Amino acid sequence: MYRYLLRRMGFLLLTILLTSIIIFAITQWLPGDVCRIILGREAGKKALEACRRDLGLEASVPVQFLRWLGDFLSGDWGQSYSTRTEIFPLVMQRLINSLRLAALTLLIAVPLAVGLGVAAGLNAGRLLDNLISISTLSVVGLPEFVTGILLIQIFAFELRRRGLPSLPANSSIRPEAGFMEALPMLILPAMTATLVLLAYIARITRAGVVEEMKQAYVRTADLKGLPRRVVVLKHVLRNALLPTITVIAISFGWLISGLVVIENVFNYPGLGRLLVFAIDRRDLPLMQAVALVTVLGFSLANLAADSLYALLNPRIRYTRG
Amino acid sequence: MFCNHPLNKLPEHLPTLNIEGLTVAYRQNGRWLEAVRDVSLHIQPGEIYGLVGESGSGKTTLALAVLRYLGQYGMILQGKIELNGKNLLDLQPAEMRKIWGREMAYLPQNSQSALNPTLRVGDQIAEILHYQLDMGMKRAQRRAVDHLREVNIADPERVASSYPHQLSGGMQQRALIAMALCSNPTLLILDEPTTNLDVTTQAAILELLVELISQRQTAALYITHNLAVVAQMCQRVGVMYAGVMLEEAAAASLFAKPLHPYTHGMLSSLPRLGEGKASARLQSIGGQSPPPGQLTSGCVFQPRCPLAIEVCSENPALSSPSAGRHIRCHRWEAILKGEISLPTAPGMESPGRMEASDKEVALSLEGVAVRYPLRRTPLDILRREPGRSVRAVDELDLVIASGQTFGLVGESGSGKTSLARAILGVADRTEGKMELLGAPLPAQLSSRKRETLRRVQIVFQNSEEALNPYLTVEEILLRPLVTLLGLSRQEARDRVPELLRAVRLPAAYAVRLPTQLSGGEKQRVAIGRAFAARPDLLVCDEPVSALDVSVQASILNLLCDLQVENRSSLLFISHDLAVVGYLADVIGVIYLGQLVEIANADDLFKPPFHPYTEALLTAVPTLETQSRQKGIILSGEIPSPTEKPGGCPFHTRCPRLVGEICKTQAPPWQRREGSSKRYRCHIPWMELQAAQGKLANGEIQAG
């Protein structure tokens, strides 16, 4: 087990190192001079040189990379070109927002999707299975901006029009807002993201359950006379949910940085929108920071999934490597 | 029905299981297909009833019907299933859960998949005690360890806390036995419980089962395709074919004098241990079993029966020639009186054995080793330790003369498939010298010339996976002709009918896909493909182990014929000593990557034997019901090649261990003038022969 986790962690560090090299390389490959971007078209030669010296651009590329990486690790992420503020607090605040939204989404989506998937899998081929499959698939076919706007229409406007308690349509939370203050604004974006994930997780779960129900050990468990509930919960799900865990981990990465559309629809200050903002302004340090944080989030989610996978699956826990 | 028959005396006490007129059907494409038709049987406490049949005979369906576990597509159409006097068909599905695991237990085949891979073995036993006998979980777990001890597991604590994949197949099967018997059921249903095990492990498991069943007076329904296992285990036997019970009798009388032509056919299609192809050709049953549910009028066996006459197109009634014996055949009286004899004479001349002598050498191996590298840990890399590896085949010498069949026998894990892979050029790392027809044979496939590729061909065990499901039979047979013989596609296509004829398949099969063929037909195509390029050496890796006995015989005969026609050499790999003994001219016994004994097939079955060969020979169940002696039951399992014992590799399990010398010194080859046999052991020839002489006169020659 520890060996396995150690290996996984080794892989994780390697992945992060590799992606940081790629992210760094982008700045090297991009056309144009960084100092010119910072100082503008009219900058004099002297000013440019001074700027280059300040930024350490005279050093060789590997040295620049190590310096950059070292700064990054020590929390010195530099200044944004466009906002002229420190990047670290900016990204952190957005990251916290994104994590909140991701957590709430998973809290809603995972039990719901797994529940639906298991119900469909246990009733494979019957009416319930078809109902679940058709309804989840029909939702996933709609793009997020459609479902998002639809939800706003119903839960914000329509409810308010009828004088019922409603949810806010705009989710632009204040930077210093506490969780409870933010919660109502999180619900609609989280529901929209849930609808995207629902069919995906439910189908994987259903497939896992259908596959496991065919296994010989299920017959053994049944013919031991165990109650049906024990057969399903203790025997089948342990094995059937293994692929679901991986899918959830990948979804988590998507929730952190890929929610650009949803964040835009709800005007939610998350990492995805920050990245789009940075790209729009050609704000390289900000782009790098967001990208690296995203990679980190993705990798940690995968590590968590791998650990959980190993915890549930002794075949991994007790084999070498 | 059996019980209504005047000659059938009702048993003195109530049978544990009583089935009457059971008909079971499966729903397929909107039609109900009858998989079991009007079957009756009963089993007394302490009795082991053997239900024999080939695949598709309905034996497993019958078992699942008794368990009422047919699934949503199965239905019991007619009949009565009584367990201890209570009709199970009156019960609701939920009520069956109280019977399963308590009154009636099920021992499945394929222990690997029958255990939950993510739960500890002990917990999988304990949960029965917990849910069925209302025992507290802690107490149930402690009891589970006791139950594991009862099935002769030496360290039950360790096994209880292990996960299934950490145990060997034999150990898993023992755990399943403990699971099935822990609640002391009155009926035990065994579904091929030893089918995937090695003979040595099988022998131990069978002995354990007989002991436990008679101790507890459990009634047992033993389902298998293996007639010899039935002969060893069961008091009474039912033979099923196409969903119908054709014959039922006490085991002793059934095997002594089978009355039904099908039973007789099955028995004579089995190669007997020690009987070679030189003495008699295997009798095979022509044709193949009908697909389940096919509606036939008349006797179900009539299309394949050599004795079928006009009256056989009518359904035969169940007759009872003597008490406890039942038969469904129009001609049993004539067969019993000896008025007609069942065909035993071989249809064709047997090819005869080839002796290894001064013939041209087809394949020669010298000091061949096959290694599988082990993964280096980061620590190894830091310490700059060289990568370690496992030797699956270790310094092996072997010579196959041209036209000869070399049989290679060993348990799983003995290295026989690794050796085949080395010869085919697909093993990871092969060392040593390999020569084919005197020319060096490169170890890697990529460095072999096309001509060399043509010379070495293979037939796999599982034709299911070996044939590309998207190619027609013609395309499959045509490939080697084009790629290896360099024919044009048109020329190759012209040769296909000839190849089909050679493997005794109709020419119309050319357009079929593998899914449209039966198991035996697929293997025929695979054999046709292998022989298409006229190879000098054909490697057959367990080519018949997945086939039914009646089909197995015809495939073995086909291999014999084609080999003689093509003058190819054959390396025949099998775990089945009887099959190898039948087909091979020379036999090598392999243990942990080393040959421990080599002999001409006739000599192999004469003492002295290497103790490992001896263990294999005594472990093979034979058809002689009365001859059950305590064979040599090997202790423990075959060690992993990573932990190969020093000295003689067999010393950890050897029943004839001499002493320290076996653990420290590699044993020499023992041989003697006048015998082709040589074996690698510290015990000299005469001494070993004297010790084993008795055995040879008794069991083995009887087989």
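A quick note: this is a predicted structure, and the numbers were derived from the prediction, not measured. All heavy atoms count here, side chains included; hydrogens, waters and symmetry mates do not. Note on naming: letters A, B, ... go to the chains in the order of the sequence lines (proteins, then strands), and numbering restarts at 1 for each one.
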Rounded to the nearest 0.5 Å, how far apart are CG of Asp191(B) and CZ of Arg219(A)? 6.5 Å
Between Gln132(B) and Lys224(A), the two heavy atoms sitting closest are NE2-O, 3.0 Å
Relative to chain B, which segment of Leu226(A) carries a heavy atom at a distance below 4.5 Å: side chain, backbone, both, or neither? both
Out of His130(B), Met96(B), Lys98(B), Gln124(B), return the one with the most heavy atom pairs under 4.5 angstrom to chain A. Gln124(B)
Could you tell me which portion of Leu129(B) (side chain, backbone, both or neither) has an atom closer than 4.5 angstrom to a non-hydrogen atom of chain A? neither
Let me have the donor-acceptor pairs involving side chains of residues 182-190 of chain B, under 3.5 Å, with sequence neighbours excluded, atom names and distances please.
unit_1    : atom_1 : unit_2    : atom_2 : d
Ser183(B) : OG     : Gly101(B) : O      : 2.2
Thr186(B) : OG1    : Asn84(B)  : ND2    : 3.2
Thr186(B) : OG1    : Glu103(B) : O      : 2.9

Is it the backbone or the side chain of Ala114(B) that comes under 4.5 Å from a heavy atom of chain A, or both, or neither? both
Report, as yes or no, whether the 6.0 Å neighbourhood of atom OH on Tyr372(B) holds more than 12 heavy atoms from other residues, nucleotides or ligands. yes
Step-by-step side chain to side chain contact (heavy atoms under 4.5 Å, CB included) determination, Met179(B) to Leu223(A): CA-CA 11 Å; Met179(B) 204 177 282; Leu223(A) 293 180; over 6 Å; no
Of the listed Leu107(B), Ile99(B), Ile128(B), the one with the largest count of heavy-atom pairs under 4.5 Å with chain A is Ile128(B)
Is it the case that atom CZ in Arg27(B) sees more than 12 heavy atoms from other parts of the structure closer than 6.0 Å? yes
Is the shortest side-chain heavy-atom distance between Tyr217(A) and Ser113(B) below 4.5 Å? no
Once rounded to the nearest 0.5 Å, what's the spacing between atom NZ of Lys234(A) and atom CG of Asn116(B)? 9.0 Å
Can you confirm whether Asp222(A) sits close enough to Tyr69(B) that some side-chain heavy atom of one is under 4.5 Å from a side-chain heavy atom of the other? yes
Any idea which of Leu176(B), Leu119(B), Leu115(B) has the most non-hydrogen atom pairs under 4.5 angstrom with chain A? Leu119(B)
Give the intermediate values and the outcome of side chain to side chain contact (heavy atoms under 4.5 Å, CB included) for residues Tyr131(B) and Val230(A). CA-CA 9 Å; Tyr131(B) 288 106; Val230(A) 176; 3.4 Å; yes
Side chain to side chain contact (heavy atoms under 4.5 Å, CB included), that's the test. Do Arg315(A) and Thr118(B) meet it? Break it down for me. CA-CA 8 Å; Arg315(A) 278 164 295 187; Thr118(B) 53; 4.3 Å; yes
Would you name the heavy atoms of Pro314(A) and Pro117(B) that are closest together and state the gap between them? CG-O, 3.1 Å
Please tell me if the side chains of Gln72(B) and Arg126(A) come closer than 4.5 Å, counting only heavy atoms from C-beta onward. yes
